[in-house]
Enquirer: 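Just passing along the structure, written as structure tokens.
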Amino acid sequence: MTDAFPQARIALPTGVALDVVTAGDPAAPAIILLHGFPESHRTWRHQIPALAETHFVIAPDQRGFARSDKPVGVENYTPDKPVADLLALADHFGKARFTLVGHDWGGAIAWAAALNHADRIDRLIIVNAPHPLIFQRTLFDDPGQRAASQYISAFRNPETEARIAAKGVEAYFAQTFVGHGDPVAMAAEMPHYLDQWTQPGALTAMLNWYRASALIVPAMDEEPARPAFLDAPFPPIAMPVLVIWGMGDNALLPCQLEGLDALVPDLTLVRVAEAGHFVTWEAPGAVNAAMRAFLG
């Protein structure tokens, strides 16, 4: 399937080769864009041209997605693996420091990188991706967020791929994801989703991101042991952070923004009322304006 952005295949020392879109002047400050589930670099299709006016844009299809490598085994999708891919990708382009942007799972990797590799990241932009402490805490303490996150347990079920195959990928997509975004835009993107989801091994690889995560998702009637870190001091984020949040997100509720300022000392928060989880393409004008203002 053709794509608006040409890609290069880049083999990384982490053992995977990723398809990577680049745009802009390679000598300009770098900005790396990390997509989430169940998408690809196309998450950023409205941001890449705008950001390329001032930055060297690097937008990979992360491991397990689209036509990037899909190593076999859940252990290959623990968060440290895509964080290592991110740093190796920056090294490949000779970028010791960069601005990091992440949406959904890409945002989870961006939070992790910011907490563990602050020396590499100048600025952090998060789009509808919860801070790890707040997300885990709300899964214990907020019944609404716990209910909204039960899909994670479903994705972790080893029978999920067989159920999707029995239903058909197109029918499963229509039933599961069309309601999470603007229906017209989602319909227009469906051929891209179906093309990427039906690559050999793609469904299992994408779901393995959920299976490899240490996140605890209690059932609605369950009260597991509470992790001690939820009520202990948590390290602050060191760099300036922009959080853009589509307020209509029905998977990640507005409770994810409560208490964020205490964990992110230099926080800029932009709420986008007219969009949901896929705010990057549901309200691209608002997203681009927020990014431009933050990046100066």
Side-chain angles (χ1 to χ4, degrees), residues 34-40 42-46 65 101-111 125-157 160 163-164 167 169-190 192-194 197 203 206-207 209-210 213 215-222 242-260 269-287 290:
L34 300 180
H35 69 86
F37 180 94
E39 298 197 292
S40 67
R42 287 185 58 79
T43 299
W44 311 107
R45 58 191 178 274
H46 299 293
F65 289 88
V101 187
H103 172 254
D104 185 79
W105 259 114
I109 300 309
W111 283 120
I125 301 177
I126 297 291
V127 185
N128 282 72
H131 185 284
L133 175 65
I134 295 175
F135 194 30
Q136 185 63 89
R137 186 181 285 164
T138 56
L139 288 172
F140 274 77
D141 298 342
D142 188 292
Q145 185 58 67
R146 185 187 293 198
S149 297
Q150 292 303 303
Y151 73 91
I152 296 174
S153 297
F155 284 172
R156 288 171 167 173
N157 188 320
T160 298
R163 292 173 179 168
I164 294 173
K167 183 181 290 291
V169 174
E170 185 169 352
Y172 178 80
F173 177 87
Q175 175 185 332
T176 309
F177 289 100
V178 169
H180 284 273
D182 174 77
V184 175
M186 192 70 85
E189 278 297 292
M190 183 177 286
H192 293 281
Y193 284 114
L194 298 180
W197 285 25
L203 279 176
M206 291 191 297
L207 293 171
W209 282 63
Y210 292 93
S213 168
L215 187 73
I216 300 169
V217 184
M220 294 307 295
D221 58 354
E222 181 186 8
L242 167 64
V243 172
I244 302 171
W245 206 270
M247 297 301 291
D249 194 331
N250 52 20
L252 297 167
L253 307 184
C255 62
Q256 298 308 318
L257 304 178
E258 296 173 9
L260 189 57
L269 177 58
V270 174
R271 297 175 174 87
V272 183
E274 66 273 21
H277 184 68
F278 298 103
V279 61
T280 58
W281 48 261
E282 288 186 288
V287 171

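Below, all heavy atoms of this structure are taken into account, side chains as well, without hydrogens, waters or symmetry copies.
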Enquirer: Tell me the closest heavy-atom pair linking G36 and F65, and the distance in Å.
Expert: O-CE2, 3.9 Å
Enquirer: If you define the side chain from C-beta out and look only at heavy atoms, does anything of R271 sit under 4.5 Å from I244?
Expert: no
Enquirer: Yes or no on side chain to side chain contact (heavy atoms under 4.5 Å, CB included) for V279 and W245, after CA distance, side-chain angles and deciding distance?
Expert: CA-CA 7 Å; V279 61; W245 206 270; over 6 Å; no
Enquirer: Checking side chain to side chain contact (heavy atoms under 4.5 Å, CB included) for the pair E258/R137: CA distance, chi angles, key distance, verdict?
Expert: CA-CA 11 Å; E258 296 173 9; R137 186 181 285 164; over 6 Å; no
Enquirer: Should W197 and M206 be marked as a side chain to side chain contact (heavy atoms under 4.5 Å, CB included) after you check the CA-CA gap, both sets of side-chain angles, and the distance that decides it?
Expert: CA-CA 9 Å; W197 285 25; M206 291 191 297; 3.7 Å; yes
Enquirer: Is the backbone of G276 close enough, under 3.5 Å, to the side chain of E282 for a donor and an acceptor to pair up by distance?
Expert: yes
Enquirer: So among L34, T280, V287, which one has a side-chain contact (heavy atoms from CB on, under 4.5 Å) with W44?
Expert: T280
Enquirer: Minimum heavy-atom separation for H46 and P284, please, with both atom names.
Expert: CB-CB, 3.5 Å
Enquirer: Check step by step if side chain to side chain contact (heavy atoms under 4.5 Å, CB included) holds for H35 and D104.
Expert: CA-CA 7 Å; H35 69 86; D104 185 79; over 6 Å; no
Enquirer: Rounded to the nearest 0.5 Å, how far apart are CG of L207 and CG of N157?
Expert: 10.0 Å
Enquirer: Distance-only, no hydrogens or angles: does the E222 side chain make a donor-acceptor pair with backbone N or O of V217 under 3.5 Å?
Expert: no
Enquirer: Going through the distances and angles, do W281 and E39 end up as a side-chain hydrogen bond (donor to acceptor under 3.5 Å, both in side chains)?
Expert: CA-CA 12 Å; W281 48 261; E39 298 197 292; 3.1 Å; yes
Enquirer: Give a yes or no on whether E170 atom CD has more than 12 heavy-atom contacts from other residues, nucleotides or ligands under 6.0 Å away.
Expert: no
Enquirer: What pair of heavy atoms forms the shortest contact from E274 to A286, and how long is it?
Expert: OE2-CB, 4.2 Å
Enquirer: Minimum heavy-atom separation for A154 and T160, please, with both atom names.
Expert: O-OG1, 2.6 Å
Enquirer: Please report the shortest heavy-atom distance between N128 and G246, naming the atom on each side.
Expert: OD1-N, 2.6 Å
Enquirer: Quick one: does Y172's side chain get under 4.5 Å of R163's, heavy atoms only?
Expert: no
Enquirer: Nearest 0.5 Å, please: how far is CD1 in I152 from OG in S213?
Expert: 7.5 Å
Enquirer: Assign the ring pair F37 / Y210 to parallel, tilted or perpendicular, where the plane angle (0 to 90°) is split at 30° and 60°.
Expert: perpendicular
Enquirer: What is the distance from atom CG of L194 to atom CD of E189, rounded to the nearest 0.5 Å?
Expert: 10.5 Å
Enquirer: About how many Å separate CD1 of I216 and CG of L139, when rounded to the nearest 0.5 Å?
Expert: 9.0 Å
Enquirer: Nearest 0.5 angstrom please: R146 CZ to L253 CG, how far?
Expert: 13.5 Å
Enquirer: Could you state the interatomic distance from CG (L269) to CD1 (I126), rounded to the nearest 0.5 Å?
Expert: 12.0 Å
Enquirer: Should the pair H103 and H277 be assigned to parallel (<30°), tilted (30 to 60°) or perpendicular (>60°) ring geometry?
Expert: tilted
Enquirer: Using side-chain heavy atoms (C-beta onward) and a distance below 4.5 Å, is I109 in contact with W209?
Expert: yes
Enquirer: Under 4.5 Å between any side-chain heavy atoms of I164 and L203, yes or no?
Expert: yes
Enquirer: Within the 4.5 Å heavy-atom criterion, are P132 and W111 side-chain neighbours or not?
Expert: yes
Enquirer: Measure across P218 and Q150 and return the closest heavy-atom pair with its distance rounded to 0.1 Å.
Expert: O-NE2, 2.9 Å
